[in-house]
Amino acid sequence: FSKEVYFDTGYVIEGFTTYYGDLILARSNYFTTERYLKEWNSVIKKHFHNYGNANLSLANSSLDLWVDGFIGGIPNRKVSIYGKGAVVAWLIDLKIRKLTSSEKSLDDVIKFLWKNYGKKDIGYTSPDIYQIINTLIGENIEHFLNECIYEKTDLKDLIENIISNFGLVLSKKIPKETSQRKYGMRLSAHPNGFLIDQVEPDSPADKLLCRGDVIINVRNISLLDFEMELDQTSFINLVIWRDYKQHSIILEPTASDYFLWWELEVDHQAGFEQNIARNKWLWNKNIH
């Protein structure tokens, strides 16, 4: 703690641990499978709505923590080592289980790390993590790990490619809020109007608005009523407060939808082996 410690393994110290937080609740039967998927889907939703996926890898985002920490810095610049780190931990877990017919898992990686690094009070690097995983499964999956950790991607394709082995499917979701769906801006209540919390890149809002702007020509209107008004108009006139000045703008929606995300659902058409694999993952003795 005497100086900065730059490291790219934040996906282990924060991602692996975040992943296990809810998973242990499912394995202990505190969460049903349905409740666990609901909790896990909230993590996945935040992951898909982090547009830093297109700009900085998980490893480089870990290194970047010393720049601005966990506060909001440059919008959409980096990803969360907690959120994306947890999703990557999950993908690695499922990948190991798939390649070893559920005989091995991320549990074995964690146990090895504790026995050979934690108990000996020595550090580890990403190459160490790679070697542990490859040795465990008897196969080199460096390309898969690189895509998860060192590439700029939201991982959707990797998720889709592996979850069918565990009786799961991805379902596309569209926001009900018109401000998000049609204009690409996420709003919250503010004493002077509505605060713009997030803007999706390349959306109508992205052309003229930014995070931190306050829409001020909406006083005495609830956010719900404002959303209803947006749904009934083909464009909107906004007065915003930015840099101690008022700005008037007009926003027009496009034919695209914004702030999309995907959720996990149990595939009720899955076969017996896929259901077995899912239940081994969650330590669930019941086969549905």
Side-chain angles (χ1 to χ4, degrees), residues 5 7-50 52-53 57-59 61-65 69-72 78-98 102 104-119 123-124 126 128-129 132-133 136 144-145 148-149 153-156 158-159 162-163 165-168 170-171 173 261-266 277-286:
V5 181
F7 64 102
D8 65 359
T9 53
Y11 63 92
V12 177
I13 65 167
E14 303 297 1
F16 283 16
T17 50
T18 300
Y19 168 59
Y20 274 104
D22 287 335
L23 183 61
I24 288 172
L25 293 176
R27 288 176 166 183
S28 64
N29 293 321
Y30 182 79
F31 282 170
T32 62
T33 298
E34 291 73 20
R35 172 69 186 281
Y36 172 70
L37 291 180
K38 180 179 179 180
E39 296 292 333
W40 187 233
N41 277 328
S42 68
V43 175
I44 293 175
K45 180 179 181 180
K46 289 179 182 178
H47 162 68
F48 279 121
H49 282 169
N50 187 328
N53 282 308
S57 71
L58 180 56
S61 293
S62 180
L63 288 169
D64 198 51
L65 281 177
F70 300 104
I71 63 173
K78 64 183 178 183
V79 299
S80 167
I81 63 172
Y82 293 86
K84 186 170 184 177
V87 174
V88 165
W90 170 58
L91 284 172
I92 293 173
D93 192 12
L94 296 191
K95 185 72 169 180
I96 295 172
R97 290 174 179 275
K98 176 186 175 183
S102 296
K104 301 293 182 180
S105 70
L106 189 62
D107 297 1
D108 298 288
V109 176
I110 297 296
K111 291 174 184 176
F112 187 93
L113 280 171
W114 169 243
K115 180 179 179 181
N116 294 278
Y117 293 87
K119 291 180 71 173
Y124 56 84
S126 271
D128 294 324
I129 301 297
I132 293 167
I133 294 171
L136 180 69
F144 171 84
L145 295 173
C148 288
I149 299 165
T153 169
D154 66 5
L155 304 170
K156 180 174 176 288
L158 285 185
I159 294 172
I162 202 166
I163 59 173
N165 297 278
F166 298 86
L168 299 168
L170 273 186
S171 175
K173 301 297 179 180
W261 78 98
W262 288 262
E263 289 186 355
L264 287 175
E265 295 179 359
V266 172
R278 184 180 67 249
N279 282 281
K280 284 186 176 180
W281 163 47
L282 298 176
W283 293 7
N284 187 348
K285 296 180 181 180
N286 298 317

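Annotation: side-chain hydrogen bond (donor to acceptor under 3.5 Å, both in side chains) contacts involving residues 41-50, sequence neighbours excluded, comprise H49-R186.
Annotation: the span from L25 atom CG to L282 atom CG amounts to 12.0 Å, rounded to 0.5 Å. Taking CG of L264 as the reference point, atom CD1 of I163 lies at 5.5 Å (rounded to 0.5 Å). In this structure, CD1 on I132 lies 7.0 Å from CG on N116, to the nearest 0.5 angstrom. For the atom pair OG (S105) and CG (L94), the distance works out to 10.0 Å, reported to the nearest 0.5 Å. With rounding to the nearest 0.5 Å, the separation of CD1 in I13 from CD1 in I81 is 5.5 Å. Separation of atoms OG (S57) and CG (L63) is listed at 8.0 Å; rounding is to 0.5 Å.
A side chain to side chain contact (heavy atoms under 4.5 Å, CB included) with L106 holds for exactly one of L136, I92, L23; it is I92. In summary, of the residues considered (Y30, W90, Y19, W281), a ring pair (Phe, Tyr, Trp, His ring centres under 6.0 Å) with Y36 occurs for W281 alone. Evaluated for a side chain to side chain contact (heavy atoms under 4.5 Å, CB included) with V109, the options V12, I96, D93 yield exactly one hit, I96.
With sequence neighbours excluded, no residue forms a side chain to side chain donor-acceptor pair (under 3.5 Å) with W40.
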Dump the intermediate steps for side chain to side chain contact (heavy atoms under 4.5 Å, CB included) on K84 and L155, then the final yes or no.
CA-CA 9 Å; K84 186 170 184 177; L155 304 170; 3.8 Å; yes

Determine, step by step, whether I44 and W261 satisfy the side chain to side chain contact (heavy atoms under 4.5 Å, CB included) criterion, reporting the C-alpha distance in whole Å, the side-chain angles of both residues, the deciding distance to 0.1 Å, and the verdict.
CA-CA 8 Å; I44 293 175; W261 78 98; over 6 Å; no

Where do Y20 and R27 land on the side chain to side chain contact (heavy atoms under 4.5 Å, CB included) test, with the steps shown first?
CA-CA 10 Å; Y20 274 104; R27 288 176 166 183; 4.0 Å; yes

Step by step, work out the side chain to side chain contact (heavy atoms under 4.5 Å, CB included) result for T32 and N284.
CA-CA 9 Å; T32 62; N284 187 348; over 6 Å; no

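Closest approach of S80 to L58, counting heavy atoms only: O-CD1, 4.0 Å. Here the closest non-hydrogen pair linking G167 and R278 is O-NH1, 3.1 Å. Closest of all the heavy-atom pairs between I159 and V87 is CD1-CG1, 4.2 Å.
Between D107 and K111 there is no salt bridge, since none of the side-chain N atoms of the basic residue sits less than 4.0 Å from a carboxylate O of the acidic one. A salt bridge between E34 and K38 is absent, with no side-chain N of the basic residue lying under 4.0 Å from a carboxylate O of the acidic one.
Between the side chain of S62 and the backbone N or O of F7, at least one donor-acceptor pair lies under 3.5 Å.
A heavy-atom distance below 4.5 Å is found between the side chains of I129 and L113. Residues N53 and T153 have side chains not in contact (no heavy-atom distance under 4.5 Å, counting atoms from C-beta outward). Proximity of K78 to L65: side-chain heavy atoms (C-beta onward) are separated by under 4.5 Å at one or more points. With contacts defined as side-chain heavy-atom distances shorter than 4.5 Å, the pair L91/I162 qualifies. In this structure, the side chains of F144 and L158 come closer than 4.5 Å at one or more pairs of heavy atoms.
When the shell of 6.0 Å around NZ of K173 is examined, it contains more than 12 heavy atoms from other residues, nucleotides or ligands.
Note on ring orientation: taking the six-membered ring where Trp is involved, the planes of F112 and Y117 are tilted (angle from 30° to 60°).
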